[in-house]
Amino acid sequence: MRHVVVQSVDADTRPLTEPVLLILMSLADKPRHGYALMRDIETLSNGRVLLSTGTLYGALRRLLECLWIERFQQEDTSREKQAYRLTPTGRRQLRLELDRMRQLTRAAAARLRTREALR
């Protein structure tokens, strides 16, 4: 019989979905409103990810609930655009996810080097 150790996984340690990761990345340098987020995410992903408004605003709602982002009042309120910015908690989550991805990338690269050395 094999023993499997199951580590508890809470919302702070689960891998982020790609839309959430891209939203946090987009907000890392400055606050943005919904349409600006959609455009920036398209740029960040080299055109690969085109978020629908439903996906974007559903993710924003969850990020607001988790306190990873907050509403931000911008000077330009001509169209009553709602802007969002990262909170310290959101910035911490982005850093944790980037650390997790770096560790996985290092492990994958090491495996590839080992495999290629055996050829």
Side-chain angles (χ1 to χ4, degrees):
M1 182 186 297
R2 298 173 75 181
H3 276 357
V4 176
V5 177
V6 178
Q7 296 179 350
S8 67
V9 177
D10 59 28
D12 288 350
T13 58
R14 267 184 279 163
L16 302 180
T17 64
E18 188 172 25
V20 167
L21 174 62
L22 290 166
I23 290 168
L24 296 179
M25 287 171 56
S26 182
L27 294 174
D29 63 340
K30 66 180 183 179
R32 288 188 167 81
H33 57 81
Y35 182 69
L37 277 165
M38 290 171 68
R39 285 192 338 231
D40 192 48
I41 287 167
E42 183 178 355
T43 300
L44 283 170
S45 69
N46 292 320
R48 190 179 50 77
V49 176
L50 303 173
L51 291 183
S52 69
T53 55
T55 298
L56 175 67
Y57 287 102
L60 289 173
R61 182 182 45 76
R62 288 187 303 278
L63 291 169
L64 286 165
E65 289 170 1
C66 291
L67 304 177
W68 291 8
I69 64 171
E70 61 190 2
R71 289 183 172 89
F72 178 75
Q73 293 298 320
Q74 288 185 316
E75 296 297 319
D76 175 23
T77 57
S78 59
R79 293 182 53 203
E80 299 299 321
K81 297 176 190 172
Q82 180 62 67
Y84 304 91
R85 68 178 169 192
L86 275 184
T87 63
T89 301
R91 193 166 296 281
R92 179 179 161 269
Q93 291 306 130
L94 179 57
R95 284 191 179 112
L96 286 171
E97 181 66 4
L98 295 176
D99 288 344
R100 185 189 74 79
M101 293 173 77
R102 269 192 289 275
Q103 186 278 326
L104 286 173
T105 302
R106 280 193 301 270
R111 293 281 174 107
L112 283 173
R113 281 191 302 273
T114 300
R115 177 72 179 164
E116 289 166 359
L118 295 174
R119 289 184 183 182

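Values below: all heavy atoms of this structure, side chains included; hydrogens, waters and symmetry mates excluded. Since we're looking at a predicted model, the values are computed, not measured.
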**Report entry** Gap separating the CD atom of Gln93 from the CG atom of Leu86, nearest 0.5 angstrom
**Finding:** 10.5 Å
Query raised in the report: Would you say Arg111's side chain and Ala107's backbone share a donor-acceptor pair under 3.5 angstrom?
Result: no
Report summary line: Residue pairs meeting salt bridge (charged side-chain N to carboxylate O under 4.0 Å, His left out), one or both in residues 38-47, sequence neighbours left out, come to Arg32-Asp40
Requested in this report: Mind listing the closest non-hydrogen atom pair of Leu94 and Met25 along with its distance?
Outcome: CD1-CG, 3.9 Å
Query raised in the report: Which pairs with one or both residues in residues 47-61 pass salt bridge (charged side-chain N to carboxylate O under 4.0 Å, His left out), sequence neighbours excluded?
Result: Glu18-Arg48, Arg61-Glu65
Report summary line: Rounded to the nearest 0.5 angstrom, the CZ-NE2 distance for Arg71 and His33 is 15.5 Å
Query raised in the report: With a 4.5 Å limit on heavy-atom distance, are the side chains of Met101 and Leu21 in contact?
Result: yes
Query raised in the report: Does Leu22 share a hydrophobic cluster with Leu98, counting links as ILVMFWY side-chain heavy atoms below 4.5 Å and allowing steps through other members?
Result: yes
Query raised in the report: Are any non-hydrogen side-chain atoms of Leu50 and Ile41 less than 4.5 angstrom apart?
Result: no
Query raised in the report: Roughly how far, to the nearest 0.5 Å, is the CH2 atom of Trp68 from the CZ atom of Arg91?
Result: 14.0 Å
**Report entry** N/O donor-acceptor pair under 3.5 Å between Thr114 side chain and Ala110 backbone
**Finding:** yes
**Report entry** Distance (rounded to the nearest 0.5 Å) between Thr89 OG1 and Leu63 CG
**Finding:** 11.5 Å
Report task. Any pair with a residue in residues 50-60 that passes side chain to side chain donor-acceptor pair (under 3.5 Å), sequence neighbours left out, goes on the list, sorted by first then second residue, please. Result -> Ser52-Thr55
Query raised in the report: Which heavy atom in Glu97 sits nearest to a heavy atom in Arg14, and how many Å separate them?
Result: OE1-O, 4.3 Å
Query - Interatomic spacing from OG in Ser45 to CG in Leu51 - rounded to 0.5 Å - result: 8.0 Å
Query raised in the report: Do Leu67 and Leu27 sit in the same hydrophobic cluster, where Ile, Leu, Val, Met, Phe, Trp and Tyr count as joined when their side-chain heavy atoms come under 4.5 Å apart?
Result: no
Query raised in the report: What distance separates Leu56 CG from Ile23 CD1, expressed to the nearest 0.5 Å?
Result: 5.0 Å
Report task. Determine the minimum heavy-atom distance between Leu37 and Ser26, stating which atoms define it. Result -> CD2-OG, 3.4 Å
